[in-house]
Protein chains: 2
Amino acid sequence: MRNFIENLNKAFESRVRLGIMSILMVNETVDFGTLKEQLQITDGNMASHLSALEKLKYIEITKQFIGKKPNTSYAASALGKKAFSDHLDALERLINKTN
Amino acid sequence: MRNFIENLNKAFESRVRLGIMSILMVNETVDFGTLKEQLQITDGNMASHLSALEKLKYIEITKQFIGKKPNTSYAASALGKKAFSDHLDALERLINKTN
DNA sequence: TAAAAGTACTTTGTAATTCAAAGTTAATAT
DNA sequence: ATATTAACTTTGAATTACAAAGTACTTTTA
């Protein structure tokens, strides 16, 4: 491998997006409010990170009503799971310097 | 743990600094040229990331001459090794969601 | 001895990123 | 009618990252 860091995915450099993806790797779907609460960031910031991940097709969005309240939930796409998993592999290789 | 991402160290969010620290965790000392070559970035960029890590006292710098050529080498400090190791632990916990 | 090259920067300027705060939309509840 | 809630979008400021160019000092080469 020529370069140690080139396989790290830019999309997952941010603490927030790292957090979002970690949560979505373990939980099938998670709604906006829960994510916001877990990560403790403002809703605007939350929305913009989610939007960045959606643009990359790393997450999928489902809008519905639960009772009378709107509820938006997020799930990692197959592509997103792959990308995240690849990123973790790259991190691991980087740290262990096995390449 | 209240928040999943708060234990991640901001200093290691950058791919480049992650790379520098990984290399310095495994190699006692590494010189400027080698780091630059491994990470494939410009020397100005390299210097500024090294300077950021030095300001945090995460790395120590030794300047010497090897033969007739100036040589600057870098080593992770005890503080830096601790900080990086804590960061990796936080990453692992985040990913495994064991907290 | 003058010019070129090497090492390790520093400076400069631009572009990208991050974030909070405020504004928006559409619905429900009072 | 007004307020509240959910989930945004927009705005603007601050920070960060980066390449490119410039610098200082030395050595090598012509």
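So you know, we letter chains A, B, ... as the sequences are listed, proteins then strands, and number each from 1. Just so it is clear, the values below take in all heavy atoms, side chains as well, and ignore hydrogens, waters and symmetry mates.
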Which nucleotide wins on minimum distance to the side chain of [X], given the candidates [options]?
X: A:Asn71; options: D:dA7, D:dC18, C:dA8; answer: D:dA7
X: A:His49; options: C:dA20, D:dC18, C:dT18; answer: C:dT18
X: A:Lys63; options: C:dA8, C:dT10, D:dA7; answer: D:dA7
X: A:Asn45; options: D:dC8, C:dA8, C:dC19; answer: C:dC19

Show which side-chain atoms of residues 81-91 of chain A pair as donor or acceptor with protein atoms under 3.5 Å away, not counting sequence neighbours.
unit_1  : atom_1 : unit_2  : atom_2 : d
A:Lys82 : NZ     : A:Asp86 : OD2    : 2.7
A:His87 : ND1    : A:Asn9  : N      : 2.9

So which protein nitrogen or oxygen atoms get under 3.5 Å of nucleotides 22-30 of chain C's nitrogens or oxygens?
none

Report task. Go through the structure and list residues passing side-chain hydrogen bond (donor to acceptor under 3.5 Å, both in side chains) with B:Glu13, not counting sequence neighbours. Result ->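 Listed in chain order: A:Arg15.
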Report task. Just call it for A:Ser51: base, sugar-phosphate, or nothing, with non-hydrogen atoms closer than 4.0 Å on any strand. Result ->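 Nothing, no heavy atom under 4.0 Å.
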Query raised in the report: With a 4.0 Å cut-off on heavy atoms, is B:Ser48 in touch with a base, just the backbone sugar-phosphate, or nothing at all?
Result: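 The answer is nothing, as B:Ser48 stays clear of every strand by at least 4.0 Å.
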Query raised in the report: Hey, what bend do you get for the helix from C:dT1-D:dA30 to C:dT30-D:dA1 if you fit axes on five pairs at each end, rounded to 10°?
Result: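 Answer rounded to 10°: the end axes differ by 20°.
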**Report entry** Results of side-chain contact (heavy atoms from CB on, under 4.5 Å) for A:Asp43 - residues two or more places apart only
**Finding:**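 Only A:Phe32, A:Lys36 meet the side-chain contact (heavy atoms from CB on, under 4.5 Å) criterion with A:Asp43.
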Can you give each donor-acceptor pair under 3.5 Å made by side-chain atoms of residues 60-75 of chain B, sequence neighbours left out, with the distance rounded to 0.1 Å?
unit_1  : atom_1 : unit_2  : atom_2 : d
B:Asn71 : ND2    : B:Asp31 : OD2    : 3.1

